[in-house]
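Read through the structure below, which is laid out as structure tokens, and then see the notes.
We name chains A, B, ... by the order of the sequence lines, and we start the count at 1 in each one. Scope of the values below: all heavy atoms of this structure, side chains included, with no hydrogens, waters or symmetry mates.
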Amino acid sequence: MTDGRAIAMLLEETERRLRRALPAAVGVEATPDAIAEALAWAWEHRDRVETLGNPHGYLYRVAVNAGRRVPRTPDLPPVDTASIPEVEPGLVPALAELSAMQRQCVWLVHACDWTYAETAEALEISASAVGTHLTRGMTRLRTAIIGDEDHG
Amino acid sequence: MADLEQQLRGYADQVESTVGPTPAVAASRNRRRRAWLGWAAALVVVAGVGVGIGFALDDDDGEAPDTRVEPPTTSTTTAAPDDGVPTTTVPFATPEAAFDAGPLSPRHDALVLRTPDEVIVWGGDVESFNIGRPDLESEQFADGAVYGLDTSGTWRTMAPSPLPAIDVQPLGVWLGSDALIVRGTDAARYDPAADEWTSIEPAPTRVWDLIDAPEIDAVFAVGREQVLRFDVGTNAWSDTGRFAPWELTEQNIIPVDPNPDPSVSWTGRELVAVAGDLLGRFPVQTWTPGGAWEARGHIESGRSQVALESTSVDGEVWVVGYDMTVHVFDPATGDVRALPHLPVLFQEGTPTIDHLDDGRIVVRRWPGVAVWTGDGWEVEPMRRAQSGTIAPGVDGQPAVWQFSVGFDAGDGNRFGVTALPRAGTLHEVLIGALALDLGTDIELVGQRLVVEDPDAGVRTPIETTIRTADGATCALAYGLVDREGWRTILFDSERELAYDCPTSVITPLVDRMRDFWADGAEPVTVPSVIGLAEEEARSALASLGYVVDVVAEPNAQTAGMVVRQDPVPGTTLALDEPVTIYVSSGSERVVVPDLEGLTLVEAAELLEELGFAIEGDPILEASVEVPEDRIVRSEPQADSLVAIGARIVLYQSAGAPTVPVPTVIGLFYDTAEATLRNVGLVPVIEFRAVPFGDPQVGLVIDQTPPNFEEVEVGTEVVVVVGEAGSEPEPLE
């Protein structure tokens with residue numbers, strides 16, 4: 001028998017984490033619906049969800065699948081340089097240039113502080129593959145941003 | 001500029017703040033089915049939805065789910081898929097059952113309304129998308145025909161209707177001598193005896209359900225925020241007032257919908273509306289003629305259920321949700337009682353509950369029907385057709401018909417049979433669909449559903465089975481029965497292809513289905529074995545007839561525990577498709593053992609056992625503590641955490657190092673001591689008397705071993721220091 005509150009807390013946590021995690025995969029606009037789909041799924045399958053070792057990673061996958069596809073370039077807002085001057089505006093186009101897998105690895109690990117294991121579950125790849133995508137992604141990001149600075 | 005990781009975090013903060021609020025679950029789709037929209041949405045496409053009957057899904061907003069299906073195949077033989085599985089479509093050869101094709105063009109979502117001796121079929125539409133023909137124009141119909149039951153299959157076309165041809169499924173209620181038919185807000189009455197339509201005022205709001213209330217000569221029309229009353233005598237609409245505020249459990253995850261789409265029933269004295277609730281407290285409201293909607297407390301079910309169905313039975317209201325527990329609400333007293341739990345859960349999805357004309361109370365959800373016996377539930381397999389779809393003809397063929405039986409199953413678990421253009425069969429399907437609506441067992445039709453055996457030229461029970469090319473959506477159609485026994489049909493609901501399927505595959509599946517009905521066991525989906533030990537998982541899956549593949553992978557969970565499985569639990573799978581279980585091989589990072597003092601062979605064995613590899617030859621290293629040839633240390637060193645399979649460099653003791661003994665003779669003894677210690681030797685001081693005043697007093701006068709001799713570090717070196725003898729007696 002499921003304790004409704006336990007699953008409620010889990011879903012609350014999921015919702016919070018997915019709000020930050022999903023935009024890099026499905027874009028800002030599609031994120032709320034994707035979360036709703038994942039939560040609906042989780043709610044229906046809550047007995048099963050509670051047995052998952054890594055529910056957030058799994059539900060990330062559900063959410064991305066609910067969106068049917070990972071867009072080539074998700075819609076991400078331009079850097080708000082007024083409120084976060086420390087962020088290089090070239091970061092967003094540079095993120096868009098990454099492969100979907102690299103972008104998600106970079107985003108989940110560095111922007112969302114997910115562990116390799118969580119990221120691996122979310123992307124259905126191995127933890128070492130996360131490391132590989134991450135390294136390549138970060139290298140490309142650095143190159144792109146430094147290049148921007150050189151030109152600027 | 002901040003470092004890249006900080007920039008990503010900062011930007012993620014910004015992005016997160018721009019994400020819109022999470023909508024009420026599935027608000028974008030079907031409100032009624034929002035809690036299980038996943039497979040419901042799939043079914044709407046796959047089955048094309050029935051002729052507005054049975055479990056036909058109410059796709060409230062008419063929005064087609066974003067899934068594509070292949071166009072219907074146009075002939076009775078279908079192409080073999082790429083995997084070369086022989087393909088056999090099941091043509092239904094029914095010469096004696098060749099019905100009049102009737103006047104109506106193929107359609108679905110039509111009103112199918114029974115009168116005492118006829119069936120009115122009106123309206124409906126063809127959504128090109130739903131029939132897999134996006135190339136066709138979608139079309140809505142406002143025509144209809146009446147089928148005479150007592151004249152055994154004659155049709156007459158209905159007079160032109162005043163109701164619009166719009167993409168809304170029509171609703172109808174038989175009023176005794178004519179029918180009230182509502183489509184959206186438009187309404188009319190149809191008298192089949194005179195074949196006359198009478199236009200009436202449109203309803204003030206869109207109508208989602210009609211409830212007959214003959215006791216007060218009224219029909220209630222359920223809208224989203226209120227219930228309308230249609231007066232049969234005057235054709236006038238009036239409002240019963242707004243619902244009272246729904247006392248739903250506040251949920252900070254999923255916003256509470258103030259208009260929760262209640263299930264409404266008429267008891268003969270009052271309307272009872274019950275709404276689903278995310279924490280299982282279903283608020284109840286009642287309305288009596290002349291009064292207002294009044295909150296009447298809650299049904300405490302303890303199970304979250306959004307979609308409820310209800311029916312009235314002898315003045316009470318029976319409510320069921322997907323957990324298959326029926327609660328009975330007595331509007332006279334406000335009391336609630338729970339009936340014994342249904343013996344099986346059947347599949348997922350909201351069941352329907354109906355109080356049939358013959359007095360039986362039935363709860364239906366694929367694959368079973370539970371009938372109330374007065375003190376418990378009697379379960380029987382569902383033998384009724386759930387839906388039929390009649391799709392437009394293709395390439396000059398008269399029509400494609402698709403007929404789904406018991407398709408109300410879980411995602412990927414779509415059950416049914418699809419048949420292809422065949423003149424004369426169109427009506428058989430329609431009749432099958434009608435049979436459902438009339439509560440007639442599909443067996444009537446099922447016994448005509450036979451396989452044409454091209455070799456023998458005879459009709460035989462269906463033993464050809466149908467399965468998908470990849471086997472993943474292979475499903476059992478278990479509703480079609482003939483007099484000899486069960487028929488089993490598998491079909492590919494995605495591609496609508498039929499396949500030959502080995503008996504070895506189908507037999508255990510059938511057995512399992514029988515067991516399911518016999519024991520009330522779980523339905524045929526892959527169970528979750530996550531968290532079980534490998535052996536438990538194996539036997540659990542094997543007992544269900546699955547082939548099990550085991551893959552070991554590093555994981556933080558205890559070694560030997562199943563950490564994930566493919567396909568995921570709940571998937572329906574053909575029995576020859578393996579279930580892969582991933583068993584933890586233990587933590588991904590392991591501790592390097594302490595190898596000091598072991599022989600090379602011992603160390604190598606230990607490392608191998610733990611999954612390490614040895615990198616190159618051992619490196620010789622002098623060691624004072626570790627005897628020669630034994631292992632001194634490793635790189636990475638003992639107790640460090642490294643990945644399984646890492647390569648370990650071993651350092652083997654070359655024994656203690658040697659040094660040449662320095663020359664200390666002639667040094668002051670403390671200098672000599674320090675000099676020896678500096679090179680790792682151990683000074684041992686001895687004294688030897690020398691004459692008083694001898695210049696050697698306090699100096700080293702001898703050493704053993706002698707200088708320049710090579711000795712092991714740590715060797716004792718005896719140094720002899722001159723010590724003054726006693727002072728000589730003064731001379732006389």
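Looking at A:Leu22 and B:Val19, their side chains never come closer than 4.5 Å, going by heavy atoms from C-beta outward. Residues B:Gln6 and A:Glu86 have side chains not in contact (no heavy-atom distance under 4.5 Å, counting atoms from C-beta outward). Using a 4.5 Å heavy-atom threshold, the side chains of B:Asp13 and A:Arg20 count as touching. Proximity of A:Pro78 to B:Tyr11: side-chain heavy atoms (C-beta onward) are nowhere separated by under 4.5 Å. Residues A:Val87 and B:Leu8 have side chains not in contact (no heavy-atom distance under 4.5 Å, counting atoms from C-beta outward).
Contact record, A:Pro23 with B:Val15: CB-CG1, 3.4 Å, taken as the closest heavy-atom pair. Residues A:Arg142 and B:Glu5 approach most closely at NH2-OE2, 3.5 Å, considering heavy atoms.
Residues meeting the side chain to side chain contact (heavy atoms under 4.5 Å, CB included) test with B:Ser17, sequence neighbours left out: none.
Rounded to the nearest 0.5 Å, atoms OG1 (B:Thr18) and CD (A:Glu29) are 11.0 Å apart. Interatomic distance, A:Asp113 CG to B:Arg9 CZ, rounded to the nearest 0.5 Å: 5.0 Å.
In this structure, chain B has no heavy atom under 4.5 Å from any part of A:Val109. Looking at A:Leu76, both its backbone and its side chain come within 4.5 Å of chain B, counting heavy atoms on both sides.
Counting heavy atoms of neighbouring residues, nucleotides and ligands inside a 6.0 Å radius, atom CZ of A:Arg140 exceeds 12 of them.
The main-chain N or O of A:Val79 is never found under 3.5 Å from a side-chain atom of B:Gln14 such that the two would form a donor-acceptor pair.
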